[in-house]
Amino acid sequence: MLAALSEKHEHKKVLPELEDAGKGVVMRFAPNPSGPLHIGHARAAALNDAYVKMYGGRYILRIEDTDPKRVDPEAYDTVAGDIRWLGLGITETVYQSDRLTLYYDLCRQLIEKGGAYVCTCDNERFKELKMARQACPCRDQPVEQNLALWEKMLAHGFREGEVTVRIKTDLLHPDPAMRDFPAFRVLDSPPHPRKPGAFVYPLMNFSVVADDHLLGVTHVIRGKDHIANTRRQRYIYDHFGWKVPVYRHYGRMGIEGVVLSTSQMRLGIKEGTYSGWDDIRLGTLRALARRGILPEAVKNAMLAIGIGETDISFSWDNLYAENKKIVDPVANRYFFVPDPMTATIHGAHPVVSRLLLHPADEKRGVRTLAFSGNVLLPAAELADRTRTLIRLKDLFNVAIEHDHGRPHIAFAGDSLADARAAKAPIIQWLPAGAEVPCTLRTPEGDLAGVCEAGVQQELSKVVQFERVGFAKIDAVTDDGIIAYFTHK
RNA sequence: GCUGCUAUAGUGUAGACCGGCCAAUCAUGCGAGCCUCUCACGCUCGCGACAGGGGUUCGAAUCCCCUUAGCAGCACCA
């Protein structure tokens, strides 16, 4: 019986098996340090993480910083922080910028094998030849000449744009993107933040293959925008005679109503449209964190999506549901009164109300609200003139009469049963004078209100404002509390 | 345009490789009710899909073809 019950809650989505994973796997998460991680990154990170946990093995964090133009020096720390927050089972970290000489050595080997050549053609000229499926003059240079040119390249004998190392592929390949794609280039500026002296850089397809092989990566899960790269990379594997990892390419994930492009976010922050990388209108992990979304929820949501090749649209509802499962049992409950109006309750005696911090766990204790005549109520609750009876939660019932504009509110008994029988709404309230100003920030704008003083003890935690929704307490100051709306 | 991939309810997902057990799974969402001093949680019931058209077959969500739609790539980015 108990087993049957718990089974029902363990409908854990199981990821499909990977080939050749029986003896464990080596996988990697390979972000480019250009800005903070967002939901899109979380999918790759969570999927790879889950497979490593499933089969056992190593999980490599590889910082792909081989394009100094796309490296934001601050992002090294940002990315590290985001990964810490996500709680990935990273076993080792490598920086590609530390491995340049490794790539140089492999490049020389590849040239010696005749698998690559140093091309000094004009870019436009090469492109024309490529589209016409024709070899450029450099392609047939003898190995010795290629090696000499490569040495010259490493000795800074070429300026930016004058030279590129190309992988020999198939000039007749129907996809022009496959034909003799580039592997190394010279960049004179900007200087690399971590390796200021560097000027010969590998392109992604080369460094990725080199590292996947060198680090022993067995399985690669990445977005299908890399399908063409996988095909290109296969040429390099073939030239070296290396074993190709198992690849899985998941579909594109569209995300409603959120900016994910790093450059757009950066621009928006610079122009003041967004307050920072954790502006709640952005899809960064830090924005989610600020709103009270927990990393486990993000990971669970990503695993539920899985590795399907179909393009999908990410739904916030599904993420919120995952988050609520985690947050509901732990979040303390408090009253938040939006748009408060003061009301005098006629005919009521002072009384102290004790409310549970959590309805399912009495041991967590109570909060006390001392009523002594005046309360603060959500103005919206009094707007409906047909409403004659309301129960103030854990206090008593009140009768409302709308005489001339201002409602007249009077004590109407303690009986909860009466309130239920009359289908009276049970609403949140605060004793006048005991309130703390509280601004609830939502993606749609700020909601001004007041909340219990106890909320001041919940800094950086997620609480539930009863009948309003979950919120992360972002700041507690003398001026009041700032909370971010998480979800209902 | 060229090269390739994909198509199950509002959203996500299982089933597809090995056709029948699928009048199609689970979650989420929505609706109704129960429970409950929250519009939360929990429980019950309900709504809702095999993109379209051909073909193969006794039988197709599952295999084949076409159409349509979406996506990716076609960078000296990752």
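These figures come from a predicted structure and were not determined experimentally. A, B, ... follow the sequence lines: proteins, then strands. Residue 1 opens every chain.
At a cut-off of 3.5 Å, with distance as the only test, no side-chain donor of A/H219 or A/R248 sits close to an acceptor on the other residue. Under the 3.5 Å distance criterion, with hydrogens and angles disregarded, a donor-acceptor pair is assigned to the side chains of A/R194 and A/S97. Side-chain atoms of A/R266 and A/S34 form no donor-acceptor pair, as typed in the model, at a separation below 3.5 Å. Side-chain contact, A/E458 with A/N332: a donor N or O sits under 3.5 Å from an acceptor N or O. Residues A/Q233 and A/N205 bring a donor and an acceptor atom of their side chains to less than 3.5 Å of each other.
Aromatic ring orientation, A/Y95 versus A/Y76: tilted (interplanar angle from 30° to 60°).
Contacts of A/I312 with the nucleic acid, taken as non-hydrogen atoms under 4.0 Å apart, involve only primed sugar atoms and P, OP1 or OP2. A/A360 comes within 4.0 angstrom of nothing in the nucleic acid, heavy atoms only. At a threshold of 4.0 angstrom between heavy atoms, the contacts of A/H249 with the nucleic acid are absent.
Note: CZ (A/F335) to C1' (B/U38) measures 8 Å, nearest angstrom. Atom CG of A/D328 is separated from atom P of B/A40 by 10 Å (rounded to the nearest Å). The NZ atom of A/K324 sits 14 Å away from the C1' atom of B/A27 (whole-angstrom rounding).
Put simply, the side chain of A/E322 and the base of B/U28 share no donor and acceptor less than 3.5 Å apart. The base of B/C39 sits within donor-acceptor range of the side chain of A/E381, with an N or O pair under 3.5 Å.
For the OP1/OP2 pair of B/A75 and a distance below 4.0 Å, the side-chain nitrogens and oxygens of A/K127 include at least one atom meeting the criterion. Checking the phosphate oxygens (OP1, OP2) of B/A78, no side-chain nitrogen or oxygen of A/R70 falls inside 4.0 Å. For A/T310, no side-chain nitrogen or oxygen approaches OP1 or OP2 of B/C5 to under 4.0 Å.
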key: Base-pair map of RNA chain B as dot-bracket, where | denotes pairing with a different strand and pairs are Watson-Crick or G-U under 3.5 Å   = (((((((..(((.......[.....)))((((((.......))))))...(((((..]....))))))))))))....
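Rounded to whole Å, the C1' atom of B/A32 lies 16 Å from the corresponding atom of B/G48.
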